[in-house]
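Here is the naming used below: chain letters follow the sequence lines, and residue numbers restart at 1 for every chain. Just so it is clear, the structure is predicted and the values come from calculations on it, not from any experiment.
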Amino acid sequence: MLTYDRIYAIVRQIPWGQVATYGQVAELAGLIGQPRLVGYALYRVDMATTDIPWQRVINAKGEVSHAVQRHGSDYRQRSLLEAEGIEFNPQGRIDLKRYRWQPSVQQLGQSLPGVEGEWGHGSKD
DNA sequence: GAAATGACTCAAC
DNA sequence: CGTTGAGCCATTT
């Protein structure tokens, strides 16, 4: 379960008012190329673990994701994000170029080698 | 222990 | 921009 633990650790690093994509978290967690695991990890714990800001983890489309089966918790997540000052586009998407979390080695303060942080731009759509 | 699953992502048509 | 297909791997049953 170390893998998931890694993911949780990263997700906890996400600062208030910012969001990170699964791929991003995955990479930081050392699971480069495995964004699914991030989602799965959160999926398994979101209900049992409330100390993780899973709400700040969204997909690469800048849109909030969640299991449709999950009793409309997608609404709750959006609520939380809005409460953090994050704006949703008319399409219900988040402006990643603006809210995407830009992790720094210092912040992580751990061992993640090669994580210089190359985010700073980002254009989609 | 093997098969099934799952909040994703990227590339191509 | 919409849909399709393949990559990928830990957790779960």
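Smallest separation of non-hydrogen atoms from A:R56 and A:I14: NH1-O, 3.0 Å. Residue A:W101 comes nearest to A:A20 through the heavy atom pair CE3-CB, 3.8 Å, listed as atom of the first residue, atom of the second, then distance.
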What nitrogen or oxygen pairs link the protein and nucleotides 9-13 of chain C at under 3.5 Å?
| residue | atom | partner | partner atom | Å |
| --- | --- | --- | --- | --- |
| C:dT11 | OP1 | A:M1 | N | 3.2 |

Tabulate protein N/O versus nucleotide N/O from nucleotides 4-6 of chain C, keeping only pairs under 3.5 Å, one per line.
none

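Under the salt bridge (charged side-chain N to carboxylate O under 4.0 Å, His left out) criterion, the residue pairs touching residues 12-25 of chain A are A:R12-A:D51, with sequence neighbours excluded.
By the side chain to side chain contact (heavy atoms under 4.5 Å, CB included) test, A:I32 pairs with A:E27, sequence neighbours left out. For A:E63, the salt bridge (charged side-chain N to carboxylate O under 4.0 Å, His left out) test picks out no residue, with sequence neighbours left out. Looking at residues two or more places apart in sequence or on another chain, you find a side chain to side chain donor-acceptor pair (under 3.5 Å) between A:Y40 and A:R36. Annotation: side chain to side chain contact (heavy atoms under 4.5 Å, CB included) contacts of A:D5 (sequence neighbours excluded): A:Y8.
Note: CH2 (A:W54) to P (B:dA7) measures 13 Å, nearest angstrom. Nucleotide B:dC10 holds its C1' atom 16 Å from the CD1 atom of A:I32, rounded to whole Å. Distance, A:K61 NZ to B:dC10 P: 10 Å, rounded to whole Å. Atom CD in A:E27 sits about 21 Å away from atom P in C:dG7, given to the nearest Å. Straight-line distance from the CD1 atom of A:I58 to the C1' atom of B:dT9: 14 Å, rounded to whole Å. Atom CG of A:L81 is separated from atom P of B:dA7 by 18 Å (rounded to the nearest Å). Distance CZ (A:R93) to C1' (C:dC1): 10 Å, rounded to an integer number of Å.
In this structure, A:L96 and A:I58 have side chains that are in contact, with non-hydrogen atoms separated by less than 4.5 Å.
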